[in-house]
S.K.: 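Have a look at this one before I ask anything.
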Number of protein chains: 2
Amino acid sequence: MIQDKKNAFNKFAAGKGLRSTRQRDCILNVFLSTHQHVSVEELYLKVKACCPGVGQATVYRTLKLFVEAGLAREVLLHDGQTRYEHVQAGEHHDHLVCTGCNAIIEFENETIEKLQDQIAERHGFMIRSHKLEIYGLCADCRS
Amino acid sequence: MIQDKKNAFNKFAAGKGLRSTRQRDCILNVFLSTHQHVSVEELYLKVKACCPGVGQATVYRTLKLFVEAGLAREVLLHDGQTRYEHVQAGEHHDHLVCTGCNAIIEFENETIEKLQDQIAERHGFMIRSHKLEIYGLCADCRS
DNA sequence: CTGCTTTTGATTATCATTTTCAATTTATCG
DNA sequence: CGATAAATTGAAAATGATAATCAAAAGCAG
């Protein structure tokens with residue numbers, strides 16, 4: 001499925017007349033190899049490890065392309081850094097967000113999803129997506 | 001209910017040994033008179049209109065106090081500006097958001113809340129608040 | 001009032017992100 | 001193959017929102 005995403009990006013790039021470069025390949029590889037929500041800084045450090053000489057500006061620019069291409073999504077936490085997360089097919093949007101350390105724990109709960117469907121139906125509402133965020137303190141930050 | 005909020009802030013201020021100042025009163029009045037999500041800049045302009053000479057720094061500082069006092073909440077949009085919205089007593093955090101007409105339908109579901117508690121407990125997480133947003137089309141926009 | 005502490009406003013600093021621009025790289029076409 | 005035009009890059013500078021600094025002013029207890 002990593003290949004799928006690479007193909008998706010290439011298709012997007014071709015459609016926009018973008019050129020294929022070593023830097024973009026590298027950044028895409030690194031991004032696809034990450035989990036959770038990565039900040040630009042984190043990504044930049046990883047990219048430097050495998051492709052030294054790549055500038056931050058390029059990382060910033062390329063991430064915006066990924067968003068345009070539908071591969072990534074910006075996530076705003078409260079630490080002043082924009083983070084990027086993968087856009088997955090059939091992904092879930094349910095998170096426990098720790099306001100202490102900004103950790104994010106993802107979860108999925110089928111019962112909650114079903115209840116959402118019921119509620120939507122009751123209001124004649126057609127669901128396209130949803131986001132459930134629970135804020136609080138994670139186990140580490142409580143102690 | 002505006003008075004309630006003023007009282008709430010005064011109580012908070014008293015508890016923290018904060019002093020009552022003309023600037024804070026003015027900023028609180030202006031904030032309470034706004035709707036939607038206001039940016040610091042917008043607030044600053046309105047404050048200047050009624051209390052000229054108030055500095056931006058004071059507006060920033062005071063808004064953070066409102067958050068601490070539980071009157072306001074930071075909202076991060078994707079325009080690089082932090083906005084503040086009102087925290088209302090007995091407010092619901094569960095919304096059906098219509099992407100067609102921007103209508104917002106509030107709802108509450110006890111079962112979902114309980115499930116959230118269970119999930120949090122399972123992860124050793126202490127819930128402070130939550131937000132559930134279901135995006136889609138409302139009955140009107142579907143037709 | 002007096003003295004002590006908080007608050008303020010102006011300025012400066014900080015930090016993430018964006019822009020600029022000359023140099024380089026890529027794709028295209030003869 | 002080259003040559004050419006267009007896109008891309010990296011380094012550095014610019015930007016813009018927010019935070020920190022600090023001397024002066026204001027609030028408050030005695």
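Because only heavy atoms are used, hydrogens play no part in the values below, and waters and symmetry mates are left out as well, while side chains stay in. Chain letters run A, B, ... following the sequence lines, proteins first and then strands; every chain starts at 1.
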S.K.: What distance separates A:K114 NZ from B:T111 OG1, expressed to the nearest 0.5 Å?
M.R.: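 OG1 of B:T111 is found 13.5 Å from NZ of A:K114.
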S.K.: Do other residues, nucleotides or ligands put more than 12 heavy atoms under 6.0 Å from B:K46 NZ?
M.R.: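 No, NZ of B:K46 has 12 or fewer neighbouring heavy atoms, counting only those of other groups under 6.0 Å.
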S.K.: Enter the inter-axis angle for the ends of the helix from C:dC1-D:dG30 to C:dG30-D:dC1 (five pairs per end, rounded to 10°).
M.R.: 30°
S.K.: Rounded to the nearest angstrom, tell me the gap between atom CG in A:D25 and atom C1' in D:dA7.
M.R.: 15 Å
S.K.: Sugar-phosphate atoms are those with a prime plus P, OP1 and OP2; base atoms are the rest. Using that split, label each nucleotide of nucleotides 24-30 of chain C B, S or - for protein heavy atoms under 4.0 Å, 5' to 3'.
M.R.: --BS---
S.K.: Side chains of B:T34 and B:Y84, heavy atoms from C-beta outward: is any pair under 4.5 Å?
M.R.: no
S.K.: A quick test of your reading: do over 12 heavy atoms of other residues, nucleotides or ligands sit less than 6.0 Å from CD of B:E121?
M.R.: no
S.K.: Return the nearest nucleotide to the side chain of A:R61; candidates are C:dG9, C:dA16, D:dG10.
M.R.: D:dG10
S.K.: How long is the line joining NE2 of B:H78 and C1' of C:dT17, in whole Å?
M.R.: 15 Å
S.K.: Rounded off to whole Å, could you give me the NZ-to-P distance for the B:K48 and C:dG9 pair?
M.R.: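 Answer to the nearest Å: 12 Å.
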S.K.: Does CD in A:E110 sit with more than 12 non-hydrogen atoms of other residues, nucleotides or ligands closer than 6.0 Å?
M.R.: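 Count not over threshold, so no.
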S.K.: Are A:V30 and A:V38 close enough that some pair of their side-chain heavy atoms sits under 4.5 Å apart?
M.R.: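 Counting from C-beta outward, A:V30 and A:V38 never come under 4.5 Å.
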S.K.: Using a 4.0 Å heavy-atom cut-off, does B:K16 contact any base of the nucleic acid, only the sugar-phosphate backbone, or nothing at all?
M.R.: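 Touches nothing.
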S.K.: Identify which nucleotide among D:dT18, C:dT8, C:dT19 has an atom closest to any side-chain atom of B:T82, counting heavy atoms from C-beta outward.
M.R.: D:dT18
S.K.: Which is more 5' along DNA chain D, the nucleotide nearest A:T62 or the one nearest B:E74? Just name the residue.
M.R.: A:T62
S.K.: Of the candidate nucleotides D:dA11, C:dG9, C:dA16, which contains the atom at the shortest distance from the side chain of A:Y60?
M.R.: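 Nearest to the side-chain atoms of A:Y60, counting from C-beta on, is C:dA16.
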S.K.: Return the value, rounded to whole Å, for the distance between atom CD of A:Q56 and atom P of C:dT17.
M.R.: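 In whole Å, C:dT17 P and A:Q56 CD are 9 Å from each other.
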S.K.: In whole angstrom, give the distance that lies between atom CD1 of B:I27 and atom C1' of C:dT8.
M.R.: 10 Å
S.K.: Please state how far atom CG in A:L63 lies from atom P in C:dT18, giving the value in whole angstrom units.
M.R.: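 In whole Å, C:dT18 P and A:L63 CG are 10 Å from each other.
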S.K.: Taking side chain as C-beta onward, heavy atoms only, is A:K6 less than 4.5 Å from A:N29?
M.R.: yes
S.K.: Of all the nucleotides listed (C:dG9, C:dA16, D:dA19), which has the minimum atom distance to the side chain of B:V54?
M.R.: C:dG9
S.K.: Taking the side chain as every heavy atom from C-beta outward, state whether A:L65 and A:R24 have any pair of such atoms under 4.5 Å apart.
M.R.: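 A:L65 vs A:R24: side chains touch.
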S.K.: What's the closest nucleotide to the B:R24 side chain, out of C:dA10, C:dT7, C:dA16?
M.R.: C:dT7
S.K.: Taking only side-chain N and O atoms of A:K64, does any of them lie within less than 4.0 angstrom of OP1 or OP2 on C:dT18?
M.R.: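 For C:dT18, OP1/OP2 do have a side-chain N/O of A:K64 under 4.0 Å.
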S.K.: Going by the rule ring pair (Phe, Tyr, Trp, His ring centres under 6.0 Å), which residues pair with B:H93 if we only count those two or more places apart in sequence or in a different chain?
M.R.: B:H130
S.K.: How close or far is atom C1' of D:dA17 from atom CD of B:E41, stated in whole angstroms?
M.R.: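 Rounding to the nearest Å, CD of B:E41 and C1' of D:dA17 are 10 Å apart.
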S.K.: Is any side-chain heavy atom of A:F66 closer than 4.5 Å to one of A:V87?
M.R.: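 Contact flag for A:V87/A:F66 side chains = no.
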S.K.: Take the protein atom OH of B:Y44 and the nucleotide atom P of D:dT18, then report the distance between them rounded to whole Å.
M.R.: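 Taking OH of B:Y44 and P of D:dT18, I get 14 Å after rounding.
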